Trainee: 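Got a structure for you, written out below as structure tokens; questions coming shortly.
Only a predicted model underlies this, so the values are computations on that prediction, with no experimental measurement involved. Side chains are part of it too, since the values below use all heavy atoms of this structure and drop only hydrogens, waters and symmetry mates. The sequence lines fix the lettering, A, B, ..., with proteins before strands; numbering per chain opens at 1.
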Protein chains: 2
Amino acid sequence: MTIATVARRAQVSRQTVSNVLNSPHVVREETRRRVREAIDALGYRASQAARQMRTGRSRLIAVRIEPTRDGINGSVLDRFLHGLTETADAAGYRAMLYTAADATAEIATFDDLLSAYDLDGFVLTGTDHGDPRTAWLAERGVPFVTFGRPWDDPDAHPWVDVDGAAGTAQATRHLLAVGHRRIGFIGWPAGSGVGDDRRAGWREALRAAGVDPTGLDRETVDGIAEGERLAVDLLTAASPPTALVCASDSLALGALQAARAATPSIGTAAPAAAPSAGTAAPAAAPAVPVIGFDDTPVAAAVGLTSVSQPLGDAAARCVDLLTAVLDGPPRTPAPVLLQPSLVLRHTA
Amino acid sequence: MTIATVARRAQVSRQTVSNVLNSPHVVREETRRRVREAIDALGYRASQAARQMRTGRSRLIAVRIEPTRDGINGSVLDRFLHGLTETADAAGYRAMLYTAADATAEIATFDDLLSAYDLDGFVLTGTDHGDPRTAWLAERGVPFVTFGRPWDDPDAHPWVDVDGAAGTAQATRHLLAVGHRRIGFIGWPAGSGVGDDRRAGWREALRAAGVDPTGLDRETVDGIAEGERLAVDLLTAASPPTALVCASDSLALGALQAARAATPSIGTAAPAAAPSAGTAAPAAAPAVPVIGFDDTPVAAAVGLTSVSQPLGDAAARCVDLLTAVLDGPPRTPAPVLLQPSLVLRHTA
DNA sequence: TTGTAGGCGTTATCAG
DNA sequence: CTGATAACGCCTACAA
């Protein structure tokens, strides 16, 4: 069934059907209705391939599905993907998946996707300083949005992000509010945008409360074992922290073990944790409160208090920004910074 | 750049270039090489849209991304998707995502995807008795594979699945081997294919060991709280089980809490759990050993012994089967039943 | 407002 | 083995 089938049925020319589809306003009301009826009756859908051939647009957006990393932080991705697919759908776009082992491979894939499939745009996740992927895309004028700020230049391209600093600051203030002063931070090595951002939130919140953060933080690559090691290190120091904020749930999980092992005597002011009404939590509050980041399923399962990112929203805004570039005037839409929220459970 | 650009550069006709691409064997060796060189030099890629228009094939396969359910079992999906994308890629296909609230909506989406985007095939996950989706697709001769058996008729269509019964049987045998006899099972309500399968594995393993499974199992909808409730129910019964096998990690997590609360005196023969060398586990072995199913990140994090499904393999085999249908002769490829493995951690 | 004439890049058919 | 020609379904002019 083609546009001609519909035209015959509605007693109009093919052109009129095309107009009803693409520029409804130029067709007389009554004719438009008749054509619409024919379309519905026939169950006609325009062929993307033919349309794409003519217009050069595929109505396809690409998003990378990364190899799951440690299995804990990896599981945030499917929430994002679901939101993305749903919103894209509503905007008349479809999401296409691709994988890539590294940035170089990813750029090669861009090229392939662009030249073979005529992709309309890309959604990139996890950007970093001097990301070669964004440079490549920008250079060629390919529309894209990143979930994650361009750390070098906030105006480089459209982006959506979650305010990580606000998240760790909120976590820190929560601990301050219940009486803690010496609050430690376990994060990633300096130099990564997200990592530095999350550390900054903690540091500033502490400073604002008149606490000197010096010596209260440690850094490591992500992982449960690493988190535990650093927490032990921190808790056995000269004047140890009485509570811990972590840059990820993995680190927090490790820290939690160290915290549970720590004797309550360490804390100077360790108030009782609020009994949460959430899902069942396997264990009691640790001697040293711990807060994680990402609100992964694991956090929910073990009762870990964690900073939660609005992933569905983030995905939706990514699509909004991308379609604004694709369908709207050629100006860069304003970036979106979303606020995370603290999900209180048993560990803080 | 089109096929004509390549033809000019290689000093051949457009048709010859097309032949090199689609039927290399009909082109003389030397010519083929010259064309290949031109293609590489120019960085030429055939336009999918044009090819699709001509052939009616899109080289696109669709897969649904479901709204994450309880956040625990949901996180298996991204591993599957990653494997799928990677294997599809290697076979020259790309994966497209779609969502649907229910089976009816999903069928409507099939229709849309098929008529507008000319999708080549579908990968369906989580089939059940009398699935309307498979019926719809089969009726129209649309190629598809399911990850999950067609419980009504094993020959209905190509499928890939993991042998759930073998998984629970293995878990049960593991517990039997370390001395347990009365091993309980917490599963889903009878009637679901997967649920019944997993229960059957436990039941048969017990019977094979000469233990009567009567009264040792309970059923409920999935969830942590539900798992805990049923475990308590089971453990406070007249002659309680000394170990528990669960149909999911969610149920197992709940059961684990009940098991930790249970006094060791309940067990008749509770041997010490093997200290696992895996990732750090937050707590000691419970009085009553518990084994989960799916090996989710949560299981790894809390040290829960669990039955692991080879998701990457499963995804790869799904693509294999689908491409066999798409590219090969029109006969239904044999189904694939993969074996799960037991990942030993601290809880059993 | 409607109809007619191209052409997007590819592959299939059919002569040479 | 190579070269010409038509057609896939749609959209964008342009003319009526």
Trainee: Could you state the atom-to-atom distance from CD of B/Gln52 to P of C/dT11 in whole Å?
Mentor: 12 Å

Trainee: When the nearest nucleotide of DNA chain D is assigned to A/Ile3 and to B/Val26 on a heavy-atom basis, which residue is associated with the more 5' position?
Mentor: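 The residue closer to the strand's 5' end, by nearest nucleotide, is B/Val26.
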
Trainee: To the nearest Å, give me how far apart CD (A/Gln15) and C1' (C/dT1) are.
Mentor: 11 Å

Trainee: Would you mind reading off the distance between A/Leu21 atom CG and D/dC11 atom C1', rounded to a whole angstrom?
Mentor: 11 Å

Trainee: Ignoring backbone atoms, establish whether A/Arg32 has a side-chain N or O less than 4.0 Å from OP1 or OP2 of C/dT1.
Mentor: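 So the side-chain polar atoms of A/Arg32 never come under 4.0 Å of the phosphate oxygens OP1 or OP2 of C/dT1.
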
Trainee: Does A/Tyr44 make a side-chain N or O approach to OP1 or OP2 of D/dG9 shorter than 4.0 Å?
Mentor: no

Trainee: With respect to the side chain of A/Arg28, which nucleotide from D/dG9, D/dG3, C/dT2 is positioned closest?
Mentor: C/dT2

Trainee: Of the options A/Ile3, A/Thr31, A/Val6, A/Val26, which is the one that meets A/Thr16 in a side chain to side chain contact (heavy atoms under 4.5 Å, CB included)?
Mentor: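 Going through the options one by one, the only one that passes is A/Thr31.
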
Trainee: Nearest-Å distance, CZ (A/Arg45) to C1' (D/dC10)?
Mentor: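 One finds 17 Å between C1' of D/dC10 and CZ of A/Arg45, rounded.
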
Trainee: Ignoring hydrogens and angles, answer whether the base of C/dT10 and the side-chain atoms of B/Arg51 contain a donor-acceptor pair closer than 3.5 Å.
Mentor: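 Result: no qualifying N/O pair found.
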
Trainee: What is the ring orientation for A/Phe122 with A/Tyr98, classed by angle as parallel under 30°, tilted 30 to 60°, or perpendicular over 60°?
Mentor: perpendicular

Trainee: Between A/Arg133 and A/Gly126, what is the shortest heavy-atom contact and its length?
Mentor: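 Minimum heavy-atom separation between A/Arg133 and A/Gly126: NH2-O, 3.3 Å.
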
Trainee: I'd like to know if B/Arg54 reaches the base of D/dC8 with its side chain such that a donor and an acceptor end up less than 3.5 angstrom apart.
Mentor: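 No, no donor-acceptor pair under 3.5 Å.
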
Trainee: In whole Å, what is the span from the CZ atom of B/Arg57 to the C1' atom of C/dT10?
Mentor: 15 Å

Trainee: Does A/Thr31 put a side-chain nitrogen or oxygen below 4.0 Å from OP1 or OP2 of C/dT1?
Mentor: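 No, outside the criterion.
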
Trainee: According to the interplanar angle, ranging from 0 to 90°, do the rings of B/Phe147 and B/Phe80 count as parallel (below 30°), tilted (30 to 60°) or perpendicular (above 60°)?
Mentor: parallel

Trainee: Should A/Ser13 be listed as having a side-chain N or O under 4.0 Å from OP1 or OP2 of C/dT2?
Mentor: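 For C/dT2, OP1/OP2 do not have a side-chain N/O of A/Ser13 under 4.0 Å.
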
Trainee: Using a cut-off of 4.0 Å on non-hydrogen atoms, how would the nucleic acid contact of B/Ala46 be classed: base, sugar-phosphate, or nothing?
Mentor: sugar-phosphate

Trainee: From D/dA6, D/dG9, D/dC11, pick the nucleotide closest to the side chain of A/Asn22?
Mentor: D/dC11

Trainee: With a 3.5 Å distance limit and no angle check, can you tell me whether B/Arg149 reaches the backbone of B/Val162 through a side-chain donor-acceptor pair?
Mentor: yes

Trainee: Please tell me which of the listed nucleotides, C/dG9, D/dT5, D/dC10, lies nearest to the side chain of B/Arg14?
Mentor: D/dT5

Trainee: Would you say a side-chain N or O of B/Thr16 is under 4.0 Å from OP1 or OP2 of D/dG3?
Mentor: yes

Trainee: Verify the contact: side-chain N or O of B/Ser18 to OP1 or OP2 of C/dT11, cut-off strictly under 4.0 Å; return yes or no.
Mentor: yes

Trainee: Between P on D/dC11 and CZ on A/Arg59, what's the gap in Å once rounded to a whole number?
Mentor: 11 Å

Trainee: Send over the distance from B/Gln11 CD to D/dT2 C1', rounded to a whole Å.
Mentor: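 Taking atom C1' of D/dT2 as the reference, CD of B/Gln11 is at 14 Å.
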
Trainee: Round to a whole Å and report the spacing from CG of A/Asn19 to P of D/dT12.
Mentor: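 The distance from CG of A/Asn19 to P of D/dT12 comes to 9 Å, rounded to the nearest Å.
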
Trainee: Side chain of B/Asp152, backbone of B/His129: donor and acceptor closer than 3.5 Å?
Mentor: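 Not at all, since once roles are kept as given, no pair shorter than 3.5 Å links the two residues.
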
